[in-house]
Every structure is written in C-alpha cells, then in structure tokens.
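All of these numbers come straight from a predicted model, not from anything done at the bench.
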Amino acid sequence: ARWLMIQGRQDEAKEVILSAARLNGVDLGEFNLTISQGEIDAVAEEKKKSFAEVYNPLFGKNIVNITLPLLGVWMAFAFSYYGVILFITKIYSKNDGDDSVDDGTTCSFNYPPILENSISEFLGVTLAILAINTLGRVKTQWIGYLTGGIGVFLMGLLGGNDGMLLACGMIARAGAMAGSCATWVATAELYPTNMRASGHSLCNVFGKLAGFCAPFVIFSDLSDTSVATILAVANIIAAFCAFLLPETAHMALDQGAKISIASATESVFDKLQHAVHAGSTHSQHEEDMKLASKGLMHDGVNPAIDSSL
C-alpha cells in the first residue's frame with residue numbers, strides 16, 4: 001500500500017488495506033491515506049543509488065557476519081539441491097535399447113522412481129512447517145541439509161540396489177527441501193527492513209550462480225560415487241554455514257533482525273558452547289537487545305521500527 005501511495009495510486013492502495021481488513025474481520029470505517037512529499041523524495045533518492053551504494057551496507061561491520069554465512073548457505077544449498085535433482089535424473093536415465101549406437105540425440109528415463117523422488121519434496125515441506133517454529137530456523141536448516149547430505153552420499157554408495165537407491169534419493173530430496181524452506185524464511189528475518197530486499201536478492205543471485213555450476217559436475221566424467229560425495233560435501237557446507245546464523249524464531253520481524261546482528265559477532269566456539277548449554281535468560285535477552293541497537297547505530301541502521309511500514 002505504501003509503494004502504491006508513492007506511485008500516486010491512492011485508490012489501489014486503499015483497496016489493498018480494505019482487503020486486508022476484510023480478511024481479518026476488521027471494520028476500518030471511513031479513512032483517508034496520505035503520504036508526505038519527504039517520503040516520495042526519499043524514494044526518488046534511493047532509485048538514484050548505484051549498485052555499490054545499495055549492496056555495500058550488507059558488508060558493514062556487523063551485517064557482514066550475517067551476509068557471509070547466508071551467502072555460503074545459499075550457494076551450497078542451491079548447488080546441492082539442483083545437483084541432486086539432476087543426479088537422480090541421470091541415475092534413472094537409460095538409452096533406447098540399442099547399445100551399438102550412441103549419437104547423443106535420444107534418451108529415455110525410468111519415470112516412476114523419478115516421480116516418487118519428486119513427491120518426497122512434499123514431505124520436506126511438511127517437515128519444515130512442523131519444525132521451523134519448534135526446532136527453530138537454524139536447527140531446521142542444518143538438520144535438513146545434513147539429512148540431505150547423508151541421503152545423497154548413500155546414493156553413490158548403494159547405486160546397485162534399486163530399493164535403497166529410491167529410499168536414499170527420497171531422503172536427499174526431502175532433507176534438501178526442508179532445509180531450503182527454512183533458509184528462505186530465515187533470510188528475510190535476519191536483515192532489517194531497509195536491507196531486507198537487497199540482502200535477499202543478493203543471496204538469491206549467488207544461489208543461482210552456484211546452481212548454474214551443478215550440471216557441469218553432474219554430467220562430467222566423474223563416477224557416481226564422486227558426484228554423490230561432492231553433493232554431500234555441499235550439503236555439509238550449507239549445514240555449517242546455517243549453524244553460524246542467529247536464531248530468529250518467535251521474534252517480531254525487526255526485533256529478530258536487531259538481535260541477529262548483535263549475536264552475529266559471536267565466534268564459532270561461542271555458538272558451539274551455546275548449543276551445548278542451550279537456553280538463554282531474560283536478562284541476556286535484554287542485553288542482546290541493547291547490543292543490537294548499538295550495532296545497528298554504528299552501521300547506520302535505525303533500530304527503531306518504522307511505524308509507516
């Protein structure tokens with residue numbers, strides 16, 4: 001609605017708000033929408049920013065400790081996810097029955113097990129929905145990626161057993177899907193509002209670049225065992241990078257971003273210690289909030305939640 005207002009489309013903005021009100025059973029009565037010229041000018045200035053001016057803040061003093069692990073997660077999971085899909089397709093591909101000629105122009109596939117592997121992604125989404133608020137964003141990610149890594153690694157070892165191959169392929173797809181679903185949710189929660197869109201888009205671009213590389217590995221001259229090992233390592237890297245991220249479950253959107261930036265300065269050893277001694281006190285939570293506000297101020301981010309958003 002705010003964007004529509006800035007574009008001068010007041011009627012459409014009002015309809016968006018009324019639709020949301022009707023959906024929530026709220027009667028807003030008569031109201032008018034207004035937006036200051038200052039906000040319109042601020043948006044115009046934002047549009048004039050160069051690429052560097054938009055993305056440099058993502059690598060600020062404290063924000064970089066969120067951006068780098070996220071880039072690692074996105075690149076590793078995109079490579080492994082698309083790689084697993086192609087790897088499964090490659091395993092179940094077969095020629096047309098004539099082994100004497102291989103001109104590379106025809107191919108066929110054993111479609112039933114490919115379909116069964118694809119259906120396992122529904123299981124991955126379901127597990128992510130059930131776990132993301134109970135286990136949290138971080139655990140859902142690294143458990144999912146580790147599970148996917150184990151599944152794809154076993155695919156390379158047990159390729160001669162059709163039943164085990166199908167089971168391991170389904171585990172690999174379900175694990176990768178569960179982990180990636182949590183990554184999509186966590187990425188938006190880890191950045192403050194003024195960096196959320198640019199941070200998410202940067203991670204997405206790096207993920208696509210990594211996914212672009214997957215076919216060159218899957219359809220190379222490497223053995224199936226070697227390919228499965230590479231995909232498993234990619235899953236392990238995604239799990240490790242996800243483990244480095246702060247937890248944002250059960251937090252308001254901007255509150256989670258503040259605390260994530262403050263806690264992102266912890267070392268790996270600190271995070272391991274916290275994982276062993278799970279749980280934090282209320283006083284520690286308050287201290288995290290204070291540190292978050294200081295960290296955001298140093299990076300030029302307003303810690304106050306913008307009520308206009």
Here the gap from Ser226 atom OG to Leu231 atom CG, rounded to the nearest 0.5 Å, amounts to 11.0 Å
Distance from Trp74 atom CH2 to Leu70 atom CG, nearest 0.5 Å?
-> 8.5 Å
For the side chain of Thr187 and the backbone of Trp184, is there at least one donor-acceptor N/O pair under 3.5 Å apart?
-> no
Any side-chain heavy-atom pair from Phe87 and Asp224 closer than 4.5 angstrom?
-> yes
Carefully, step by step, assess Lys14 and Phe31 under the rule side chain to side chain contact (heavy atoms under 4.5 Å, CB included).
-> CA-CA 9 Å; Lys14 189 172 183 177; Phe31 67 94; 3.7 Å; yes
Does one hydrophobic cluster hold both Leu18 and Leu33, with members joined at side-chain heavy-atom distances below 4.5 Å?
-> yes
Minimum-distance pair of heavy atoms, taken over all atoms of Ala234 and Ala76 | O-CB, 3.2 Å
Which distance, rounded to the nearest 0.5 Å, do you find between the CZ of Phe216 and the CG of Leu222?
-> 14.0 Å
Work out which heavy atom in Arg137 is nearest to a heavy atom in Glu247; give both atom names and the distance.
-> N-OE2, 2.9 Å
Run the side chain to side chain contact (heavy atoms under 4.5 Å, CB included) check on Thr183 and Tyr145 step by step: do they pass?
-> CA-CA 10 Å; Thr183 297; Tyr145 292 133; 2.6 Å; yes
Crowded around Phe219 CZ? As in, over 12 foreign heavy atoms under 6.0 Å?
-> yes
Any donor-acceptor pair under 3.5 Å from Arg173 side chain to Ile85 backbone = no
Any side-chain heavy atom of Asn235 sitting closer than 4.5 Å to one from Phe77?
-> no
Check the pair Cys168 / Leu158 against side chain to side chain contact (heavy atoms under 4.5 Å, CB included), numbers first and verdict last.
-> CA-CA 9 Å; Cys168 292; Leu158 307 173; 4.3 Å; yes
Joint cluster assignment, Met75 & Val64, ILVMFWY side-chain distance < 4.5 Å | yes
Kindly say whether Lys90 contributes a backbone atom to a donor-acceptor pair with the side chain of Ser93 at under 3.5 angstrom?
-> yes
Exam field: side chain Asn204 to backbone His200, donor-acceptor pair closer than 3.5 Å = no
Reported CG-to-CD1 distance for the pair Leu190 and Ile63, which is rounded to 0.5 angstrom | 10.0 Å
Exam field: side chain Asn117 to backbone Met170, donor-acceptor pair closer than 3.5 Å | yes
Cluster check Met164, Leu157: I/L/V/M/F/W/Y, side chain < 4.5 angstrom | yes
Would you find a donor on one side and an acceptor on the other, under 3.5 Å apart, between the side chain of Gln141 and the backbone of Gly179?
-> no
Under a 4.5 Å cut-off applied to non-hydrogen side-chain atoms, are Leu58 and Ser198 in contact?
-> yes
Donor-acceptor pair, Glu189 side chain versus Ala249 backbone, under 3.5 Å?
-> no
Might you work through the side chain to side chain donor-acceptor pair (under 3.5 Å) test for Tyr111 and Glu116, ending with a clear yes or no?
-> CA-CA 9 Å; Tyr111 287 105; Glu116 291 162 357; over 6 Å; no
Here the pair of heavy atoms bringing Ser120 nearest to Ala174 is O-CB, 3.5 Å
Taking every heavy atom of Val138 against every heavy atom of Pro246, the minimum-distance pair comes out as CG2-O, 3.5 Å
Answer with yes or no whether the hydrophobic clustering places Leu115 together with Leu166; edges join I, L, V, M, F, W, Y residues whose side-chain heavy atoms lie under 4.5 Å apart.
-> no
Look at atom CZ of Phe59 and say whether more than 12 heavy atoms of other residues, nucleotides or ligands are closer to it than 6.0 Å.
-> yes
Is there a donor-acceptor contact under 3.5 Å from the side chain of Asp27 to the main chain of Gly29?
-> yes
Indicate if Ile114 and Leu165 have the same hydrophobic cluster label, given that clusters are the connected sets of ILVMFWY residues with side-chain heavy-atom separations under 4.5 angstrom.
-> yes
Do Asn133 and His250 pass the side chain to side chain contact (heavy atoms under 4.5 Å, CB included) test, and can you show the C-alpha distance, the side-chain angles, and the key distance before you say yes or no?
-> CA-CA 7 Å; Asn133 285 326; His250 309 296; 4.1 Å; yes
Under the 3.5 angstrom rule, does the side chain of Thr225 hit a backbone N or O of Gly156 as a donor-acceptor pair?
-> yes
Looking only at heavy atoms, the pair that brings Gly149 and Ala232 closest together is O-CB, 3.5 Å
Smallest separation among heavy atoms of Met155 and Gly169, with atom names | SD-CA, 3.5 Å
Between Arg22 and Glu15, is there a salt bridge with N-O shorter than 4.0 Å?
-> yes
Rounded to the nearest 0.5 Å, what separation is found between the CG atom of Leu123 and the CD1 atom of Ile171?
-> 9.5 Å
Kindly compute the distance separating OH (Tyr191) from CG (Leu202), expressed to the nearest 0.5 Å.
-> 6.5 Å
Is there a donor-acceptor pair under 3.5 Å between the side chain of Tyr82 and the backbone N or O of Ala214?
-> no
Flag side-chain contact, heavy atom, 4.5 Å: Trp142 against Leu245 | no
Asp11, CG: over 12 other non-hydrogen atoms inside 6.0 angstrom | no
